[in-house]
Structures are given as structure tokens and as C-alpha cells.
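Scroll down for the structure; my scribbles are underneath it.
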Protein chains: 2
Amino acid sequence: MRTVSEPRSDVSIGEAARVSGVKVPTIRYYEQIGLLPAPPRTEGNRRTYDAGDIARLTFIRHARDLGFEMDGIRTLLALQADPTQSCAAADSVARAHLAEVEQRIAALTALKAELERMIEGCRHGRLAECKVIEVLADHGKCTHDHH
Amino acid sequence: MRTVSEPRSDVSIGEAARVSGVKVPTIRYYEQIGLLPAPPRTEGNRRTYDAGDIARLTFIRHARDLGFEMDGIRTLLALQADPTQSCAAADSVARAHLAEVEQRIAALTALKAELERMIEGCRHGRLAECKVIEVLADHGKCTHDHH
DNA sequence: CTAGGACCTCTAGCGGCTAGAGGAGCAAGA
DNA sequence: TCTTGCTCCTCTAGCCGCTAGAGGTCCTAG
């Protein structure tokens, strides 16, 4: 990032947080773990961010929103920094994440069915015959697939 | 728990772990946070678990597998201990969890669509025009709903 | 010139475990 | 009997991705 032609519009960490949607302490945390380069400081020791930093933050935030893990984001950021490379690597990160997401959807869908079954069996009864408790207590009554 | 009529078949923590599917350190951790009562010990200071404890552990494990949070499990365990109560409370815990699960499924499904779109746009191209990076860098190009 | 914000660093905490150190007990074979 | 090797014990620290708080500095508006 940090496109040469782009104007250097230095902003405070608070402004960067507002624009990128990443909270102030989280920005500092990202700097600490090396996800974001340490920005220049003012005379008064305040961090100043330019448009490139903000783009990077927005990128990170969006990737996090999409559920990418830090490691994946690091890879994506590295790829982003080197636009001459083939996108095969970025693709494979995204594909791996997609597979994970699909698996989670499947698991949650099975879970939903089981919860509905539990709740259905529990209508207006007394706890003695409550399916919620029963299903949880006795694994055999349950169709849920364990990971 | 610890039904009076049930035979007291004391087992070691390792055996309890094997039977319940909860790992040994996790059992100790549950005891520490008060989710599981401290069991009696042998002369040699080893924990001994009876059938009731194992049922409780299995219950916890199953509820965790279903994605219930510790607080919900605590409630369910309390309800299970008092079977004279109406199941309304257990029902509402399960319902709340179901709503959450449905929400997560919806979010993940949207995410899946977006990932597929990203990957689709990325086929065999060079990174310069890679949609994965683009979509992540520019929020405007993205349909994902932020939580 | 002062009040109140925004910023700084540093440390500790969250949930829900997991890993490791360093030691004691216990069962079975030589 | 001794020894090997397994399980168990306690205790502390670490994992992720932040978040919260203390205690201080800087900057800006009135």
C-alpha cells in the first residue's frame, strides 16, 4: 500500500479508528503484534497515520469481519504488498477459509435441528420429562455429530 | 445428581475422562471454576468419581458440543438438579441458544457467498486484479453485513 | 490560564481451556 | 525387593484477540 501518488493526510489514532472502524486500543495492539507498522510520531509523541495505514486497517478489519484468522490476514497483507505475484496464494487462503465456513455452517445446521427437536419435546411439560435436559444428559438420544 | 439408588462405581479421573470425553485437565478446571463439585479423594489423594459425576460431565460436554456457554450450562445443571421445576427455564435457555445459532448460520451463509464471489473473481488472474484482495481492501465492493 | 478531552505507556484480565514443571503414588514385571 | 513407567497431584504460565484500567502527558478551546 502507501501509494506514492496518494497525498499524505496524517491523522491521529482516534481519527484513524473512526475512519477504519478499528478501535483505538486495537490499533495499538496491531502495532504491537507487528500487524501494522509503527507509524511516525509528532513532536508530542502521538502516532500519525496516512491514507495507506488507514487502507491497511480497513483491510484488516474487513478480513476479521469475514472471520479470517490473523495468520491468514498476515499472508493476505504480504500478498497485497507485492502485487506482481500470482493470486494463487490469496486464492488458497480464501478457499481454506471457505471450506472452514462451510463446515461450520453444516455443524450449526445439525445443531439447529437438534435444538428444535429438544424444544419441541419440551412444550408445556414438566422438567421430569423435559427433552432439553434429557438430550443433553444422554448422548445416545442425540444425533449431533461430534467434531 | 448422584442418585441414591445408583451404585457408587468410583473411578479415577483418567477413567472419567475416557468415559465422558472431557479431558483430564479440563475436568480439574471445571472443578476449579465450580462447575463440578470437588469429588472425594482416595488415601493417596486421587480424585474418585461416581456415576453421577460422570453423568454431569457428559451433560456438560454435550452442552459444550452444542455450543452452549458456561452460564447457560450452569443454569441447565441447576435445573437438572431440581426436577420438580417447570421446564420453562430450560426451554428459554435452549431457545435463546437456538436464536443465536440461527443468526450465526445466516451470517456464515452470507460470508460463504461473499467468499465464493471473491474466489470466483480470482481465477488464474494476476494479483493486480485479484478480487480477494480488492474486496478486502475496499469495503464498498462488499455486501457483507457487519455485526 | 484552566478545564477537559485525546493521547501515551504499562499491566492485568476475559473465556475456556491447554501445556509444562516438578513431584508423589501405584501396579506389574524381573 | 526393586525398578520401570504410568497415572496422578499441584502450581504456574500461555494461548487468541482483544479490552479495561491506572496513572501520566499533551493539546486545544474558552
Side-chain angles (χ1 to χ4, degrees), chain A residues 10-50 53-54 56-77 97 100 104 146-147, chain B residues 10-50 53-54 56-77 97 100 104 146-147:
Chain A
D10 291 340
V11 295
S12 71
I13 195 170
E15 188 58 18
R18 231 163 291 128
V19 173
S20 70
V22 180
K23 289 185 199 159
V24 169
T26 307
I27 295 177
R28 288 197 278 247
Y29 167 72
Y30 286 164
E31 179 183 329
Q32 198 186 296
I33 63 168
L35 203 61
L36 198 66
R41 305 280 184 123
T42 66
E43 273 185 36
N45 199 32
R46 273 105 196 277
R47 292 168 176 85
T48 57
Y49 297 95
D50 64 18
D53 295 318
I54 286 166
R56 198 175 173 100
L57 273 173
T58 308
F59 184 99
I60 294 168
R61 191 206 144 192
H62 197 181
R64 292 290 301 144
D65 279 349
L66 287 174
F68 283 89
E69 293 189 3
M70 288 312 206
D71 261 15
I73 293 176
R74 260 180 230 276
T75 306
L76 290 171
L77 280 169
H97 187 52
E100 217 182 274
R104 270 198 274 171
H146 292 294
H147 25 252
Chain B
D10 291 340
V11 295
S12 72
I13 195 170
E15 187 59 18
R18 232 162 290 127
V19 173
S20 69
V22 180
K23 289 185 199 159
V24 169
T26 307
I27 295 178
R28 289 197 278 247
Y29 167 72
Y30 286 164
E31 180 182 329
Q32 198 185 296
I33 62 167
L35 203 61
L36 198 68
R41 306 278 185 124
T42 65
E43 273 184 38
N45 199 33
R46 272 104 195 277
R47 291 167 177 86
T48 56
Y49 296 95
D50 64 18
D53 295 319
I54 286 167
R56 198 175 174 102
L57 273 173
T58 307
F59 185 99
I60 294 169
R61 190 206 144 192
H62 197 180
R64 291 292 300 144
D65 279 348
L66 288 173
F68 283 89
E69 292 188 4
M70 287 314 207
D71 260 15
I73 293 176
R74 261 179 230 275
T75 306
L76 289 171
L77 279 169
H97 188 53
E100 215 182 274
R104 269 198 273 172
H146 292 294
H147 24 251

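Values in this document were obtained by computation on a predicted structure and should not be read as measured data. Scope of the values below: all heavy atoms of this structure, side chains included, with no hydrogens, waters or symmetry mates.
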Exercise. Would you mind classifying the nucleic acid contact of A/I13 as base, sugar-phosphate or nothing, using non-hydrogen atoms under 4.0 angstrom?
Key: sugar-phosphate
Exercise. Select base, sugar-phosphate, or nothing to describe what B/R47 touches, counting heavy atoms under 4.0 Å on all strands.
Key: sugar-phosphate
Exercise. Give the B/S/- string for nucleotides 16-26 of chain C, one per nucleotide from 5' to 3', where a protein heavy atom under 4.0 Å of the base yields B, of only the sugar-phosphate yields S, and otherwise -.
Key: BBS-----BBS
Whole Å only: how far is the [atom1] atom of [X] from the [atom2] atom of [N]?
X: A/R61; N: D/dG17; atom1: CZ; atom2: P; result: 17 Å
X: A/Q32; N: C/dC8; atom1: CD; atom2: C1'; result: 13 Å
X: B/R28; N: D/dC8; atom1: CZ; atom2: P; result: 8 Å
X: B/I73; N: C/dG15; atom1: CD1; atom2: C1'; result: 12 Å
X: A/E15; N: D/dC27; atom1: CD; atom2: C1'; result: 16 Å
X: A/E31; N: D/dT19; atom1: CD; atom2: P; result: 17 Å

Self-check item: Pairs satisfying salt bridge (charged side-chain N to carboxylate O under 4.0 Å, His left out), at least one member in residues 67-76 of chain B, at least two apart
Solution: none
Quiz prompt | Pairs satisfying side chain to side chain donor-acceptor pair (under 3.5 Å), at least one member in residues 19-34 of chain B, at least two apart | solution = B/E31-B/R47
Practice problem: Kindly give the heavy-atom pair with the smallest separation between B/A16 and B/V11, and that separation in Å. | Solution: N-CG2, 4.1 Å
Quiz item: Which heavy-atom pair separates B/A17 from B/V24 by the least distance, and what is that distance?
Solution: CB-CG2, 3.6 Å
Quiz item: Do the side chains of A/L57 and A/D53 get nearer than 4.5 Å, heavy atoms only?
Solution: no
Quiz prompt | Student check: side-chain heavy atoms of B/V19 and B/Y49 closer than 4.5 Å | solution = no
Exercise. Only counting residues at least two apart or in another chain, list the ones meeting side chain to side chain contact (heavy atoms under 4.5 Å, CB included) with B/S12.
Key: B/E15
Quiz item: Would a distance-only check, ignoring hydrogens and angles, find a side-chain to backbone donor-acceptor pair under 3.5 Å from A/R56 to A/L35?
Solution: yes
Quiz prompt | Bend angle of the helix from C/dC1-D/dG30 to C/dA30-D/dT1, end axes from five pairs each (to 10°) | solution = 20°
